Amino acid sequence: MLKINQYVRAQSLDEAYALCQKKSSVVLGGMMWLKMEDRPVGTAIDLCDLGLDRIEEKEDGWHIGAMVTLRQLEQHPGLGTLTGGALAQAVGPIVGGQFRNLAPVGGSIWGRFGFSALLTVFLALGAEVVLHGAGRMPLETFAAQPYGRDILTEILLPKQPVKAACCSMRNTATDFPVLVAAAGIRDGQVRCAVGARPAKAALLTDEQGLLAGGVTPESAQAFADWAAEKLSFDSNIRGSADYRRTLCRVLVRRALLAAQGEEA
Amino acid sequence: MEIKLILNGRPIVREAEPDTLLIDFVRAQGCLSVKRGCETSNCGLCTVMLDGKPVLSCGVLAARASGHRVDTLEGLQAEAEDFVAFIADQGAEQCGFCNPGFVMNTIALLRENPDPTDEEIKAFLVGNLCRCSGYEGQLRGIRAYLDAKKAREKEAQ
Ligand SMILES: Cc1cc2nc3c(=O)[nH]c(=O)nc-3n(C[C@H](O)[C@H](O)[C@H](O)COP(=O)(O)OP(=O)(O)OC[C@H]3O[C@@H](n4cnc5c(N)ncnc54)[C@H](O)[C@@H]3O)c2cc1C
Ligand code: FES
Ligand code: FES
């Protein structure tokens, strides 16, 4: 368990950021991950009073606050329509509703965990992140950065609807995924992310032009086969590298076809 | 630090450590229905309502819950009474350790969706683990309760 010396509900982002610059400080997301760590924490910084629990459509896109829970993401009608239900597909198998009522999207995205279905789906959706400190940047840029001491405040999605889907394979219904694939199609441009390889999700675009003629069962399979060869996979307790590569050929095809609205 | 919250309808003010988890806080207040079945936020046994929403009390600091309303099974007996007998009738449970968390989340389910399908029941309750049974009895119990409720409503018309 974490041993917390001081708990502070930050009253401004500047306060949270200043507190966070100390090595012994920690930002609390849902704490579900943190609480499994065994270490002393000087100051636990809670962002719960900063109004970051809102989902808003604005001029420049959809703003999803870092403290929006996974359950809110799953149930929000506007985001459901915007993403063709892909967010609910990604989040739905995570533990249970009581967990998802606590876990905020900020903890998942900031964590950049290898198994993360959230990171996978938001990469495919073309999300950006806003950091108090480093500012606004594409999620793929943030995902590749080392862990810093910024505060993640928002995730942004383009206003334009995206045809999208997220598929995963799990050994039991709510276990960590063996592999996750997500696809997003906007203006004919495809973004496909594969996570739980078990390394962090990787983003692919159609650099080979395999989908240039549209997403069909044949082109989706060709893309999935290419993805399976291009990406690296490893073995862990949940599955071998070879098994994951085989799953990739199936899940990427399914995600593309489901995004396109075709039967997989 | 001072924790101020409404527990089962009663305002309380107590001292707790900054790292006290809500589960330990409510148990210290005598709400012993709230059980710890894991160390990994995985089992659902510790389910309480935080501002009316089911959450894992092992995954929230008492400090974060301060200022909010917390309900445990101790405060929701009347609402639970309706359906627990139907689950017991199926002989669903063996040791019963998982029961309070399961009942709490079933209350949450029925508040949100009074007439769920079997698939909706399973999706909602999937985060409540039971290590003695195979969940079938619990599902039959909830189904029997819903059927009985419908029959009663029909009769009343
Ligand atoms: C049992 C279990 C099963 C899971 N299964 C899945 C699964 O199947 N698929 C999946 O995708 N995920 C899964 N997860 C991961 C889960 O969805 C969360 O990603 C994870 O728990 C971290 O989120 P949290 O809110 O608990 O973060 P925390 O533990 O609170 O935080 C994680 C890290 O992020 C930092 N942080 C949090 N918020 C911010 C912020 N706004 N700014 C800066 N730093 C911040 C914290 O300081 C910490 O270092 C699982 C987790 C558990 C415990
Ligand atoms: S004790 Fe297992 S989820 Fe809380
Ligand atoms: S009856 Fe024993 S854990 Fe469910």
Side-chain angles (χ1 to χ4, degrees), chain A residues 1-10 19 24-50 53 67 69-72 74-75 88-89 91-104 107-108 170 172-176, chain B residues 1-3 16-24 34 36-68 101-102 104-109 111-113 116 119-129 135:
Chain A
M1 206 17 233
L2 289 181
K3 196 83 203 91
I4 299 171
N5 188 40
Q6 187 195 194
Y7 167 90
V8 176
R9 279 194 194 177
L19 287 168
S24 61
S25 297
V26 100
V27 177
L28 298 176
M31 223 184 82
M32 251 75 71
W33 200 257
L34 278 171
K35 77 163 199 172
M36 292 190 285
E37 294 181 10
D38 212 357
R39 60 168 163 133
V41 168
T43 303
I45 307 160
D46 199 339
L47 309 177
C48 68
D49 280 352
L50 299 177
D53 56 350
M67 294 301 279
T69 66
L70 302 189
R71 187 89 176 133
Q72 278 175 276
E74 176 185 356
Q75 294 190 312
Q89 291 159 10
V91 166
I94 300 178
V95 192
Q98 306 103 299
F99 182 101
R100 301 199 296 279
N101 270 330
L102 288 179
S108 283
R170 289 160 202 270
T172 64
T174 59
D175 191 17
F176 291 97
Chain B
M1 62 183 292
E2 188 183 86
I3 309 289
E17 298 301 321
D19 49 18
T20 300
L21 293 171
L22 184 59
I23 183 173
D24 298 313
V34 186
R36 181 182 261 112
C38 74
E39 297 290 340
T40 54
S41 315
N42 233 320
C43 73
L45 266 65
C46 62
T47 303
V48 302
M49 306 289 184
L50 183 59
D51 293 333
K53 286 201 193 102
V55 301
L56 303 174
S57 60
C58 73
V60 205
L61 291 177
R64 183 179 275 176
S66 191
H68 296 268
F102 186 86
M104 287 299 285
N105 208 26
T106 305
I107 289 176
L109 163 69
R111 283 180 182 178
E112 190 175 307
N113 182 357
E119 283 315 307
E120 287 168 341
I121 297 171
K122 284 191 208 168
F124 204 97
L125 299 178
V126 71
N128 288 82
L129 302 188
Y135 306 102

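Lettering of chains follows the sequences in order, A, B, ..., and the numbering in each one begins at 1. On a predicted model such as this, the values are computed, not experimentally measured, just so you know.
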Can you list every salt bridge (charged side-chain N to carboxylate O under 4.0 Å, His left out) pair that touches residues 93-104 of chain A, not counting sequence neighbours?
A/Glu74-A/Arg100
Taking it one step at a time, do A/Gln72 and A/Asn101 satisfy side-chain hydrogen bond (donor to acceptor under 3.5 Å, both in side chains)?
CA-CA 8 Å; A/Gln72 278 175 276; A/Asn101 270 330; over 6 Å; no
Might you work through the side-chain hydrogen bond (donor to acceptor under 3.5 Å, both in side chains) test for B/Glu120 and B/Asn113, ending with a clear yes or no?
CA-CA 9 Å; B/Glu120 287 168 341; B/Asn113 182 357; 3.0 Å; yes
Got a sec, which residues hit ring pair (Phe, Tyr, Trp, His ring centres under 6.0 Å) with B/Phe124, two or more places apart in sequence or on another chain?
none
Have a look at A/Met32 and tell me which of A/Val95, A/Ile94, A/Leu102 forms a side-chain contact (heavy atoms from CB on, under 4.5 Å) with it.
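Going through A/Val95, A/Ile94, A/Leu102 one by one, the side-chain contact (heavy atoms from CB on, under 4.5 Å) with A/Met32 is satisfied by A/Leu102 alone.
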Identified side-chain contact (heavy atoms from CB on, under 4.5 Å) partner of A/Met31 from the options B/Leu21, B/Asp19, B/Val60
B/Leu21
Please look at A/Asp49 and chain B and tell me whether the side chain, the backbone, both or neither of the residue comes under 4.5 angstrom of a heavy atom of that chain.
neither
Under a 4.5 Å heavy-atom cut-off, does chain B meet the side chain of A/Leu34, its backbone, both or neither?
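Neither part.
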Which atoms of B/Leu125 approach chain A - backbone, side chain, both or neither, heavy atom under 4.5 Å
neither
For a 4.5 angstrom cut-off between non-hydrogen side-chain atoms, does A/Thr69 reach A/Phe99?
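Side-chain contact under 4.5 Å: no.
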Is the closest side-chain heavy-atom distance between B/Ile107 and B/Arg111 below 4.5 Å?
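Yes. Closest side-chain heavy atoms under 4.5 Å.
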Would you say CD of B/Glu17 has more than 12 non-hydrogen atoms from neighbouring residues, nucleotides or ligands within 6.0 angstrom?
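It does not: B/Glu17 CD has 12 such atoms or fewer within range.
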Can a donor-acceptor pair be found, under 3.5 Å and without considering hydrogens, that links the side chain of B/Thr106 to the backbone of B/Phe102?
yes
Any residues in residues 35-46 of chain A near chain B, with a heavy-atom distance under 4.5 Å, and which are they?
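Residues of residues 35-46 of chain A touching chain B at under 4.5 Å: A/Lys35, A/Met36, A/Asp46.
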Return the option, out of B/Ala63, B/Gly59, B/Gly101, with the maximum number of heavy-atom pairs under 4.5 Å with chain A.
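Answer, by heavy-atom pair count under 4.5 Å with chain A: B/Ala63.
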Search all heavy atoms of A/Gly30 against all heavy atoms of A/Pro104 and return the closest pair with its distance.
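Smallest heavy-atom distance, with atoms named: N-CD, 3.0 Å.
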Which residues in residues 36-46 of chain B have any heavy atom lying under 4.5 Å from a heavy atom of chain A?
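Result: B/Glu39, B/Thr40, B/Ser41, B/Asn42, B/Gly44.
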